[in-house]
Amino acid sequence: DAGVTQSPTHLIKTRGQQVTLRCSPKSGHDTVSWYQQALGQGPQFIFQYYEEEERQRGNFPDRFSGHQFPNYSSELNVNALLLGDSALYLCASSLVPGQGNTIYFGEGSWLTVV
Amino acid sequence: AQSVTQLGSHVSVSEGALVLLRCNYSSSVPPYLFWYVQYPNQGLQLLLKYTTGATLVKGINGFEAEFKKSETSFHLTKPSAHMSDAAEYFCAASHNAGNMLTFGGGTRLMVKP
């Protein structure tokens with residue numbers, strides 16, 4: 001049973017560019033969330049997708065956007081990259097949003113902005 | 001707004017010694033609580049979670065945590081540390097129906113031989 005898979009694992013972008021990160025949820029999961037983890041810090045919630053709609057959003061600017069496809073996979077897009085966007089981006093999946101459902105994380109995509 | 005605080009960004013113990021990692025949450029309503037472990041250059045792995053019921057929760061790799069409502073705490077313990085326990089540990093809380101997790105800042109556990 002494949003867990004949460006993310007691609008690419010590492011990438012380097014230049015300030016001002018745009019990036020797209022991809023995530024396939026764990027088999028059977030229909031809810032995908034994205035987190036940003038800056039170096040030396042805990043992950044911060046970006047947004048969550050369920051039934052192809054953004055259901056919740058954390059305190060991130062509109063430069064961060066996402067999409068969920070009918071097969072539950074998801075993309076995270078970041079426009080106009082800033083140096084401060086350099087971080088590990090984690091995708092997490094779970095079943096229908098519910099209290100205390102186990103959330104599984106992928107290994108993340110390391111983004112470096114230069 | 002809910003917050004999670006982990007006391008001690010770095011904890012060092014000797015192999016075989018007790019591991020105690022501290023976590024406190026701020027919430028008027030007890031949240032659902034989780035501990036995750038992150039090994040270098042990897043994602044997060046769930047160690048254990050508290051939802052309802054028994055306040056002492058047992059997890060993987062010999063870890064356990066106790067939910068104490070009166071102290072708003074959810075400390076993680078392991079009776080005997082192993083070298084393979086060296087990693088970053090994150091406490092997290094979920095309060096709403098959407099499973100959004102609020103993480104603490106993390107505690108790096110170092111295990112000395």
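Lettering of chains follows the sequences in order, A, B, ..., and the numbering in each one begins at 1.
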Please answer: with hydrophobic residues joined when any side-chain heavy atoms are less than 4.5 Å apart, are V19(B) and M83(B) in the same cluster? yes
If I take atom CD from residue Q38(B) and atom CG from residue L90(A), how far apart are they, to the nearest 0.5 angstrom? 6.5 Å
Please confirm whether the backbone N or O of L101(B) pairs with a side-chain atom of Y35(A), one donor and one acceptor, at under 3.5 Å? yes
Of the non-hydrogen atoms in P43(A) and L44(B), which two are nearest, and what is the gap between them? CG-CD1, 3.8 Å
Nearest-0.5 Å distance that lies between atom CD in Q37(A) and atom CD in E88(B): 7.5 Å
Looking at every heavy atom in both L88(A) and Q42(B), which two are closest together, and how far apart are they? CD2-O, 4.4 Å
Please answer: with hydrophobic residues joined when any side-chain heavy atoms are less than 4.5 Å apart, are I12(A) and L82(A) in the same cluster? no
Around R15(A), counting heavy atoms of other residues, nucleotides and ligands shown, do more than 12 lie under 6.0 Å from its CZ? no
Flag yes if I60(B) and Y89(B) sit in one hydrophobic cluster, no otherwise; membership is Ile, Leu, Val, Met, Phe, Trp, Tyr, and two members link when side-chain heavy atoms are under 4.5 Å apart. yes
Are there more than 12 heavy atoms of other residues, nucleotides or ligands under 6.0 Å from atom CG of N59(A)? no
Please check if the distance between the ring centroids of F45(A) and F103(B) is under 6.0 Å. no
Treating Ile, Leu, Val, Met, Phe, Trp and Tyr as nodes and any side-chain heavy-atom pair under 4.5 angstrom as an edge, say whether L56(B) and W35(B) lie in one connected cluster. no
Considering only heavy atoms, which portion of Q6(A) lies under 4.5 Å from any heavy atom of chain B: side chain, backbone, both, or neither? neither
Of the backbone (N, CA, C, O) and the side chain (C-beta and beyond), which part of F47(A) lies under 4.5 Å from a heavy atom of chain B, both, or neither? neither
With a 4.5 angstrom heavy-atom cut-off, could you sort out which part of Y36(B) is near chain A: side chain, backbone, both or neither? side chain
Given side chain to side chain contact (heavy atoms under 4.5 Å, CB included), test L46(B) with F105(A) step by step and report yes or no. CA-CA 9 Å; L46(B) 180 69; F105(A) 284 82; over 6 Å; no
Same cluster (ILVMFWY, side-chain, under 4.5 Å), F34(B) and V4(B): no
